[in-house]
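What follows is one structure encoded as structure tokens, with my remarks underneath.
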There are 2 protein chains.
Amino acid sequence: MSDPSAEALQPLTPDEEALVRALGHVMYVLPRTIDADMVNDRQLPLTEYTALMNLSEAPGRRMRMNELASACHLSLSGMTRTIIRLETQGLVKRERCEEDARGWNAVLTDAGFARLEESWPSHLAAVRRRFLQHFEGFDLAQLARAFRGAGTAETTD
Amino acid sequence: MSDPSAEALQPLTPDEEALVRALGHVMYVLPRTIDADMVNDRQLPLTEYTALMNLSEAPGRRMRMNELASACHLSLSGMTRTIIRLETQGLVKRERCEEDARGWNAVLTDAGFARLEESWPSHLAAVRRRFLQHFEGFDLAQLARAFRGAGTAETTD
DNA sequence: CATAGTTGCTTGAACGAGCAACTGCCTACT
DNA sequence: AGTAGGCAGTTGCTCGTTCAAGCAACTATG
């Protein structure tokens with residue numbers, strides 16, 4: 001980064017420029033829109049939904065805080081605070097980790113699972129309407145690969 | 001949203017699912033990465049860069065707060081605070097709007113313009129490395145159209 | 001076995017966003 | 001003219017981030 005080579009400095013072509021401008025929609029408006037849809041619909045914010053969803057898919061419906069934080073693209077401290085909110089709602093409980101007593105597991109409760117089942121149609125509908133619908137006709141697998149790469153450098157440096 | 005029709009509720013295909021999971025990278029890690037690159041490189045956060053850039057392209061290098069906020073995909077209140085930060089750095093100044101005394105114009109100063117010129121290579125490099133590079137081989141214009149649509153519903157409702 | 005260093009998580013502070021409530025100016029209608 | 005309502009912008013509170021500090025438990029070394 002501190003040595004932006006000549007090659008990297010080529011100005012954007014019009015198509016690239018248009019894409020970069022459009023990127024703002026995906027980075028900024030899309031997450032807010034999905035979150036707002038879910039809050040309006042079922043009162044479960046996207047962050048909390050994502051946490052519950054990841055837990056529901058984990059073996060034993062439990063995960064270490066670290067793991068869960070990175071699965072949710074959240075910082076560890078953000079995860080701690082999210083789990084506290086979910087715990088006070090009874091949707092999650094915390095248990096000391098068996099094999100490493102420093103660690104904690106967040107465990108999905110039955111109430112949490114029920115809440116998730118109640119919310120997923122809302123999430124699914126939001127994702128379809130706000131996101132997938134706009135990518136009909138694309139090679140989704142190729143697109144997924146590109147999305148997964150975004151935010152990384154991945155090349156020789 | 002409150003009436004998720006049967007059609008919207010079809011579960012995701014594996015490709016769709018993969019794409020939705022990958023979306024997290026674009027929504028959460030990409031903006032942080034670009035911002036971090038720019039902060040490390042030239043000490044100008046992405047939000048402030050975007051504001052200066054939009055101002056520099058506007059006639060008279062000035063814009064109403066409203067306009068600027070939506071160009072930057074920022075809420076109006078977020079814009080207010082961003083402009084305050086930029087103002088204390090002397091990169092922008094505020095002037096009452098001639099034709100409507102409710103309004104304010106944010107005006108790019110010469111110092112602001114200089115700061116922008118100093119920063120754009122860093123921004124360009126970050127955007128190429130972290131984003132565009134991963135979309136080689138795509139139809140960029142088509143992609144831009146899809147990105148622009150994301151976050152909206154755009155259909156009959 | 002003791003002690004030093006490391007790791008997992010929590011907590012606090014400072015900061016950047018968002019939304020919602022508020023202020024102040026404009027406009028339009030009676 | 002006067003008043004009702006709407007739009008522009010700012011401010012208060014919540015949530016998330018980073019960074020730093022702290023504690024408890026693990027590991028490795030003497």
Side-chain angles (χ1 to χ4, degrees), chain A residues 24-25 27-40 43-51 62-89 92-107 151, chain B residues 24 27-40 43-52 62-89 92-107 151:
Chain A
H25 280 84
M27 289 196 313
Y28 301 119
V29 345
L30 182 55
R32 286 171 214 159
T33 308
I34 294 179
D35 186 68
D37 281 352
M38 295 192 59
V39 169
N40 290 336
Q43 308 300 332
L44 229 209
L46 182 54
T47 300
E48 301 182 9
Y49 176 86
T50 306
R62 76 192 55 226
M63 271 179 139
R64 295 285 291 269
M65 296 297 291
N66 244 327
E67 249 184 309
L68 185 54
S70 68
C72 296
H73 303 288
L74 220 60
S75 68
L76 186 53
S77 68
M79 196 72 248
T80 295
R81 285 149 181 158
T82 301
I83 288 298
I84 289 173
R85 279 199 304 281
L86 289 170
E87 206 175 18
T88 66
Q89 298 174 66
V92 151
K93 63 185 191 301
R94 271 187 290 188
E95 291 177 353
R96 278 224 104 96
C97 183
E98 303 270 314
E99 60 275 5
D100 183 342
R102 288 170 301 184
W104 291 86
N105 280 305
V107 189
Chain B
M27 290 195 313
Y28 300 118
V29 345
L30 182 55
R32 288 172 208 162
T33 308
I34 294 179
D35 186 67
D37 281 353
M38 295 192 60
V39 169
N40 290 336
Q43 310 298 333
L44 192 59
L46 182 53
T47 300
E48 302 182 8
Y49 176 85
T50 307
L52 296 185
R62 75 192 56 226
M63 272 177 137
R64 293 288 291 269
M65 297 296 291
N66 243 329
E67 249 185 310
L68 186 54
S70 68
C72 296
H73 303 290
L74 220 60
S75 68
L76 187 52
S77 68
M79 197 72 249
T80 295
R81 281 145 181 163
T82 301
I83 288 297
I84 290 174
R85 281 196 305 279
L86 290 170
E87 205 174 18
T88 65
Q89 298 174 64
V92 151
K93 61 185 190 304
R94 271 188 290 188
E95 291 175 355
R96 274 226 107 95
C97 184
E98 302 272 314
E99 60 275 8
D100 184 343
R102 289 170 302 182
W104 291 84
N105 280 305
V107 189

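In what follows, every chain begins at residue 1, and chains take the letters A, B, ... in the order their sequences are listed. The analysis underlying the following values was restricted to heavy atoms, covering all of them including side chains, and did not include hydrogens, waters or symmetry mates.
- A 4.0 Å heavy-atom criterion places the boundary nucleotides of DNA chain C facing chain A at C/dT7 to C/dG18, written 5' to 3'.
- A donor-acceptor pair under 3.5 Å links the side-chain atoms of B/Asp35 to the main chain of B/Leu46, judged by distance alone.
- For the contact set between residues 63-74 of chain A and DNA chain C, defined by any heavy atom under 4.0 Å, the members are A/Arg64, A/Met65, A/Asn66.
- Applying the side chain to side chain contact (heavy atoms under 4.5 Å, CB included) criterion to B/Glu67, with sequence neighbours excluded, gives B/Met63, B/Arg64.
- For A/Arg85, the salt bridge (charged side-chain N to carboxylate O under 4.0 Å, His left out) criterion is met by A/Glu48, not counting sequence neighbours.
- Among pairs with a residue in residues 69-81 of chain A, none fulfils salt bridge (charged side-chain N to carboxylate O under 4.0 Å, His left out), at least two apart in sequence or across chains.
- Side chain A/Arg102 to base D/dC26: no donor-acceptor pair is found below 3.5 Å.
- B/Val107 is not listed as a side-chain neighbour of B/Val92, based on a closest heavy-atom distance of 4.5 Å or more.
- In this structure, the salt bridge (charged side-chain N to carboxylate O under 4.0 Å, His left out) partners of A/Glu95, at least two apart in sequence or on a different chain, are A/Arg62, A/Lys93.
- Projected onto DNA chain D by closest heavy-atom contact, A/Asp100 and B/Asp100 fall at different nucleotides, the more 5' of which corresponds to B/Asp100.
- With sequence neighbours left out, B/Arg32 forms a side chain to side chain contact (heavy atoms under 4.5 Å, CB included) with B/Tyr28.
- Taking OG1 of B/Thr82 as the reference point, atom CG of B/Leu74 lies at 5.0 Å (rounded to 0.5 Å).
- The distance from the CG atom of A/Asn105 to the CD atom of A/Glu98 is 8.5 Å, given to the nearest 0.5 Å.
- One can place CD of A/Glu48 at 12 Å from C1' of D/dG16, the figure rounded to the nearest angstrom.
- Residues A/Ala69 and A/Ser75 share a closest heavy-atom pair of CB-O, 4.0 Å.
- Partners of B/Asn40 under the side chain to side chain contact (heavy atoms under 4.5 Å, CB included) rule, at least two apart in sequence or in another chain, do not exist in this structure.
- Both key distances under 3.5 Å define a Watson-Crick or G-U pair, and stretches of 3 or more such consecutive pairs in DNA chain D run C:1-30 with D:1-30.
- Straight-line distance from the CD atom of B/Glu95 to the P atom of D/dG9: 14 Å, rounded to whole Å.
- For A/Asp100, the salt bridge (charged side-chain N to carboxylate O under 4.0 Å, His left out) criterion is met by A/Arg102, not counting sequence neighbours.
- At the heavy-atom level, B/Arg94 lies under 4.0 Å from the strands shown only through sugar-phosphate atoms.
- Contacts of residues 76-86 of chain A with DNA chain C (heavy atom under 4.0 Å): A/Leu76, A/Ser77, A/Thr80, A/Arg81, A/Ile84.
- For the pair B/Trp104 and A/Thr47, nearest-nucleotide mapping onto DNA chain D gives the more 5' position to B/Trp104.
- Computed from coordinates, the B/Glu99 CD to D/dA8 C1' distance equals 13 Å when rounded to whole Å.
- Following rounding to the nearest Å, A/Glu98 (CD) and D/dC26 (P) show an atom-to-atom distance of 12 Å.
- Listed by chain and number, the residues in a side chain to side chain contact (heavy atoms under 4.5 Å, CB included) with A/Met65 are A/Leu76, A/Met79, A/Thr80, A/Ile83, A/Trp104, A/Ala106 (sequence neighbours excluded).
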